[in-house]
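Working notes for the structure below.
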Amino acid sequence: MKPFLLGVLGCSLVLSVRAMYSSSDDVIELTPSNFNREVIQSDSLWLVEFYAPWCGHCQNLAPDWKKAATALKGIVKVGAVDADQHKSLGGQYGVRGFPTIKIFGANKNKPEEYQGGRSSQAIVDGAMNALRTLVKERLSGKSGGSSYSKQQSTGGSKKDVVELTDDNFDETVLNSDDVWMVEFFAPWCGHCKNLEPEWAAAATAVKDQTKGKVRLGAVDATVHQVVSGRYGIRGFPTIKIFRKGEEPEDYQGGRSRGDIIEKAMDLFSDNAPAPELLEILNEDVLKKTCEDSQLCIIGVLPHILDTGASGRNAYLEVMMKMAEKYKKKLWGWLWTEAGAQSELETSLGIGGFGYPAMAAINARKMKFALLRGSFSETGIHEFLRELSVGRGSTSTLGGGVMPKINSVEGWDGKDGELPVEEEYDLSDVDLDEDFDKDEL
């Protein structure tokens, strides 16, 4: 084939993958520029798919998503966000894998994750169930129209923006171990007024998603001129980033809540320690780690008698390096010794051989995937990379529930010891002199 034709074919393939939804579909294309207007300010119930064009599961979902959108037309809004292109939107709603489907109902600022099937019928059924719930809430007076308008009228998440002054700035910001994004504003500034709801919404999301490790504050520079003068504030709004012990950095990103959240999450992951690698000692350890994370990564390591302390530490080091590499995902990391949690191994299809082994569990969906490659940095990186982009092969956790977890003692960090056999003193035993040795 000629180079020109190859180029045309390559471009057409890329375009066909990129254009999963078109204007002729009933799926509404959502972007950072229209998401707030179309979804957040809307009184309608929305089902929104966050996808990546190269994701195989997303490509498989597309025909059913289109059919569901047509069936629900005029009843429930169905949209789609290319979260590979618009990472700020995906980051704003905690999207970690593709496809992720969110239901934007009564409280648009806290969408629910869709947990149903991926066929068009299952999607329609899920949408209608959510719609019935929304209608019942409105009838009971629990919800009245757009949550966005209510938030605006009450100030809502504005309380999560910390008011900073000449008196409290040094103690609150400069002496803090947290990362701060600080807006310097003037009350009469039109751009500042436009930024205010975006800054407030971002402050709430960032506080929740970073557990308060990244904070958003605001300084009225017309009143608190000492701190504003210290940082050379000349125009409004000016946003600066403060890390303890470092010179402040000018924020150069976009002014939408999605852009602000995306930057805050980058700051959080850059400064956050790697997640702790915990041994599964009881049910609480597994439950808390897996329920608090979208995925929990579990390593099943060989028995200590098979590897010794040095061998086990080598495996744990590999896992800790991967936890550091993927810390932005906010996954949980666990390990156990082969045979210590037999029911867990059985439910994952690991039991009895092939150690070390690794599984990734989504406790909310009761799905898991197994490491098929080597238990090495390269093998685990490939495994987790595939999962993070929605390409990994998954199975349902045995029985559809989390398995029983045994309470065990933690590893003491030492080599294993064989159990000492009990010795018997036979010195006082009379042996039968007539014993026939041929009977042995």
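We're numbering straight along the sequence, starting at 1.
In this structure, CG in N362 is found 11.0 Å from OG1 in T396, a value given to the nearest 0.5 Å. The OH atom of Y51 sits 9.5 Å away from the CG atom of D84 when rounded to the nearest 0.5 Å. Once rounded to the nearest 0.5 Å, the distance linking OG1 of T204 with CH2 of W199 reads 12.5 Å. The CG atom of D259 lies 11.5 Å from the CZ atom of R257; values are rounded to the nearest 0.5 Å. Expressed to the nearest 0.5 Å, how far CH2 of W333 lies from CG of L277 amounts to 8.5 Å. Atom CG in L286 sits 10.5 Å away from atom CG in L278 (nearest 0.5 Å).
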Exercise for review: Before giving the answer on side chain to side chain contact (heavy atoms under 4.5 Å, CB included), spell out for K240 and D250 the whole-Å C-alpha distance, their side-chain angles and the decisive distance to 0.1 Å.
Suggested key: CA-CA 5 Å; K240 288 186 177 288; D250 288 332; 2.5 Å; yes
Check your understanding: Where do R312 and I304 land on the side chain to side chain contact (heavy atoms under 4.5 Å, CB included) test, with the steps shown first?
Key -> CA-CA 7 Å; R312 173 166 292 180; I304 190 63; 3.8 Å; yes
**Study point:** E196/V161 under side chain to side chain contact (heavy atoms under 4.5 Å, CB included): CA gap, chis, key distance, verdict
**Key:** CA-CA 10 Å; E196 183 177 2; V161 177; over 6 Å; no
**Study point:** side chain to side chain contact (heavy atoms under 4.5 Å, CB included) between L30 and V48, worked out
**Key:** CA-CA 9 Å; L30 298 168; V48 179; 3.9 Å; yes
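Atom CD of E324 has more than 12 neighbouring heavy atoms from other residues, nucleotides or ligands inside a 6.0 Å radius. For E382, the CD atom sits in a packed shell: over 12 heavy atoms of surrounding residues, nucleotides or ligands are nearer than 6.0 Å. Residue-environment remark: NZ (K325) stays at or below the threshold of 12 foreign heavy atoms within 6.0 Å. In this structure, E163 places its CD atom where only 12 or fewer heavy-atom neighbours from other residues, nucleotides or ligands lie under 6.0 Å away. The 12-atom threshold is exceeded at CD of E246, counting heavy atoms of other residues, nucleotides or ligands nearer than 6.0 Å. Residue K102 places its NZ atom among more than 12 non-hydrogen atoms of other residues, nucleotides or ligands, all under 6.0 Å distant.
Counting heavy atoms from C-beta on, the side chains of V76 and W46 never come closer than 4.5 Å. Residues Q115 and R364 have side chains in contact (heavy-atom distance under 4.5 Å, counting atoms from C-beta outward). With contacts defined as side-chain heavy-atom distances shorter than 4.5 Å, the pair I260/Y251 qualifies. Contact of the F169 side chain with the L174 side chain is registered, since non-hydrogen atoms from C-beta on lie closer than 4.5 Å. Two residues are said to be in side-chain contact when any heavy atoms from C-beta on lie closer than 4.5 Å; L344 and V300 fail this criterion. Y21 is listed as a side-chain neighbour of K66, based on a closest heavy-atom distance under 4.5 Å. Considering only heavy atoms from C-beta on, I101 comes within 4.5 Å of L61 through its side chain. Side-chain contact between P302 and P356 is present, with at least one heavy-atom pair separated by less than 4.5 Å.
Without hydrogens or angle criteria, E279 side chain to W411 main chain gives a donor-acceptor distance under 3.5 Å. Between the side chain of S293 and the main chain of C296, no donor-acceptor pair closer than 3.5 Å is present. When atom types are taken as modelled, the side chain of D284 and the backbone of K287 share no donor-acceptor pair closer than 3.5 angstrom. Formation of a donor-acceptor pair under 3.5 Å by the E262 side chain with backbone atoms of L89 is not found in this model. One N or O on the side chain of N129 and one on the backbone of D125 form a donor-acceptor pair closer than 3.5 Å.
In this structure, H381 and Y326 have tilted ring planes: the angle between them lies in the 30° to 60° band. Using a 30° and 60° split on the angle between ring planes, Y315 and F375 fall in the perpendicular class, above 60°. The aromatic rings of F50 and Y93 lie tilted to each other, with the angle between the two planes from 30° to 60°. Aromatic ring pairs are classed by plane angle as parallel below 30°, tilted from 30° to 60° and perpendicular above 60°; the pair F242 and F184 is tilted.
Residues L134 and G105 share a closest heavy-atom pair of CD1-C, 4.3 Å. A pairwise comparison of heavy atoms in E283 and I405 identifies N-CG2, 3.7 Å as the closest pair. Between D160 and R215, the shortest heavy-atom distance links the atoms O-NH2, 4.4 Å. V227 and D166 make their closest contact through N-OD1, 3.0 Å (heavy atoms, listed as atom of the first residue, atom of the second, distance). Annotation for P403 and L397: closest pair CD-CD2, 4.2 Å, computed over non-hydrogen atoms. In this structure, S347 and F368 approach most closely via the heavy-atom pair O-CE2, 3.8 Å.
Between the side chains of T378 and S376, no donor-acceptor pair of N or O atoms lies under 3.5 Å. Judged by distance alone, the side chains of N313 and E317 never bring a donor and an acceptor atom under 3.5 Å apart.
Each of K244, R243, K213 was evaluated against D177; a single residue qualifies, K244, per the side chain to side chain donor-acceptor pair (under 3.5 Å) test. I361 pairs with exactly one of I298, L295, T394 by the side-chain contact (heavy atoms from CB on, under 4.5 Å) rule, that one being I298.
Note on D170 versus R230: salt bridge recorded, some NZ/NE/NH1/NH2 to OD/OE distance being below 4.0 Å.
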